[in-house]
Amino acid sequence: MIFTDGLRGSWHLLGAAAALMALSAAPTFGNDVRILDGDTIKIGETTYRIFGIDAPEAGQTCARGSGRNWNCGTEAIHALERLVSAGPVNCDGQGLDDYGRTLAICHVGEIDIGAQMVAQGMAWAFRRYSPIYNEIEDQARARDVGIWQAETEPAWELRARRWEAAEQEAPDGCPIKGNISRDGERIYHTPWSHWYSRTKINEAAGERWFCDELEALEAGWRAPLWGG
């Protein structure tokens with residue numbers, strides 16, 4: 001996931017005028033939507049980070065009440081895929097984050113995508129940035145659905161923990177792996193990426209390490225696409 005949190009800066013909203021301009025545009029898209037992960041979509045060249053939620057990371061597992069684990073990150077991606085495939089997607093921009101993604105409240109018809117992800121227990125309400133889905137999260141928790149089946153590590157804590165561990169082992173403390181695929185695509189993997197442990201860096205072949213995601217993006221690498 002392309003993400004900003006306490007490790008590498010924080011979300012910031014643009015000024016009121018810019019936010020109003022983004023809201024007035026409110027673009028509507030057909031079904032040609034790419035899923036980057038459980039809370040991020042891409043249409044054309046624009047990446048939309050669903051505002052007010054934080055979904056499990058792509059390779060994250062969560063606990064069930066039985067004590068067994070389930071692939072909550074994968075299920076969150078599938079849940080988002082089902083939502084956006086139901087019809088044209090309309091996104092109301094709320095500004096930009098530090099990486100140029102549009103923070104947006106997105107709908108399919110009358111369905112608020114962020115609200116549905118939280119209601120299904122497929123994402124946390126990101127309370128540190130917005131209260132808009134707090135009540136919906138409280139209801140999901142009371143029903144023990146999705147991520148609320150048993151105590152599980154929130155995505156932001158998982159990212160912080162894995163970043164800190166990888167930072168200790170990476171060259172110069174720069175833990176993001178810039179891989180070049182067999183097709184020549186430049187894809188970077190963060191320490192919480194599903195493929196991180198399986199990705200080896202061959203600097204002689206042009207692969208490299210990055211200290212943060214913005215550095216990787218500016219160098220021409222992209223985040224992996226997990227959905228369809």
Side-chain angles (χ1 to χ4, degrees), residues 1-5 11 26-62 64 69-94 96-97 99-127 129-130 132-137 139-141 143 145-149 152-156 158-159 187 189-190 192-195 213 222-228:
M1 166 192 292
I2 308 170
F3 202 88
T4 54
D5 54 21
W11 287 12
T28 300
F29 305 97
N31 289 332
D32 186 21
V33 181
R34 302 296 304 275
I35 308 296
L36 272 68
D37 53 41
D39 50 36
T40 313
I41 62 177
K42 187 171 184 178
I43 302 100
E45 296 302 313
T46 303
T47 299
Y48 292 88
R49 175 69 167 80
I50 306 300
F51 181 72
I53 73 172
D54 193 9
E57 293 298 329
Q60 186 171 355
T61 59
C62 297
R64 294 191 186 278
N69 289 337
W70 59 290
N71 296 320
C72 54
T74 300
E75 290 304 317
I77 290 170
H78 292 335
L80 184 56
E81 287 177 327
R82 289 190 293 270
L83 285 167
V84 302
S85 68
V89 178
N90 177 286
C91 290
D92 290 339
Q94 306 295 297
L96 302 178
D97 69 6
Y99 298 145
R101 299 176 310 175
T102 299
L103 300 170
I105 297 174
C106 296
H107 292 79
V108 175
E110 298 298 318
I111 298 173
D112 181 326
I113 293 174
Q116 282 297 307
M117 291 293 290
V118 174
Q120 294 174 25
M122 292 297 163
W124 289 271
F126 218 162
R127 294 172 184 250
Y129 294 115
S130 172
I132 60 175
Y133 300 129
N134 290 3
E135 183 176 350
I136 295 173
E137 181 183 70
Q139 295 169 358
R141 183 189 301 213
R143 299 197 312 274
V145 297
I147 55 177
W148 302 111
Q149 296 177 57
T152 194
E153 183 178 34
W156 56 86
L158 178 141
R159 288 191 297 269
I187 303 171
H189 296 276
T190 57
W192 48 89
S193 167
H194 184 60
W195 295 103
E213 293 180 78
R222 67 164 176 81
L225 298 171
W226 300 116

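Owing to the predicted nature of the structure, the values given are computational and were not obtained by experimental measurement.
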> Backbone N or O of G73 within a donor-acceptor pair of the N71 side chain at under 3.5 Å?
Replying inline: no

> For residues H78 and E75, is any side-chain donor paired with an opposing acceptor at under 3.5 Å?
Replying inline: no

>> Less than 4.5 Å apart, side chain to side chain, heavy atoms only: is that true for Q120 and V145?
In response: no

>> Over 60° means perpendicular and under 30° means parallel, so tell me whether F126 and W156 are parallel, tilted or perpendicular.
In response: parallel

> Residues two or more places apart in sequence or in another chain: which of them pass side chain to side chain donor-acceptor pair (under 3.5 Å) with H194?
Replying inline: R198

>> For a quick test of reading the model, state the closest non-hydrogen atom pair linking L80 to M117 and the distance between them.
In response: N-SD, 3.8 Å

>> Which residues pass the side-chain contact (heavy atoms from CB on, under 4.5 Å) test with A104, not counting sequence neighbours?
In response: Y48, C91, T102, C106

>> Is any side-chain heavy atom of W70 closer than 4.5 Å to one of T152?
In response: no

> Looking at side-chain heavy atoms only, is the closest gap between I147 and Q60 below 4.5 Å?
Replying inline: no

> What residue among D54, D37, D97 forms salt bridge (Lys or Arg N to Asp or Glu O under 4.0 Å) with R49?
Replying inline: D54

> Looking only at heavy atoms, what is the nearest atom pair of S130 and N134, with distance?
Replying inline: O-OD1, 3.7 Å

>> What I want to check is whether the side chains of T190 and W192 have a donor and an acceptor closer together than 3.5 Å.
In response: yes

> Is L83 close to H107 at the side-chain level, that is, under 4.5 Å between some pair of heavy atoms?
Replying inline: no

> Tell me, do R143 and W148 make a side-chain contact under 4.5 Å, heavy atoms counted?
Replying inline: no

> Atom CD of E110 and atom CG of N90: how far apart are they, to the nearest 0.5 Å?
Replying inline: 10.0 Å

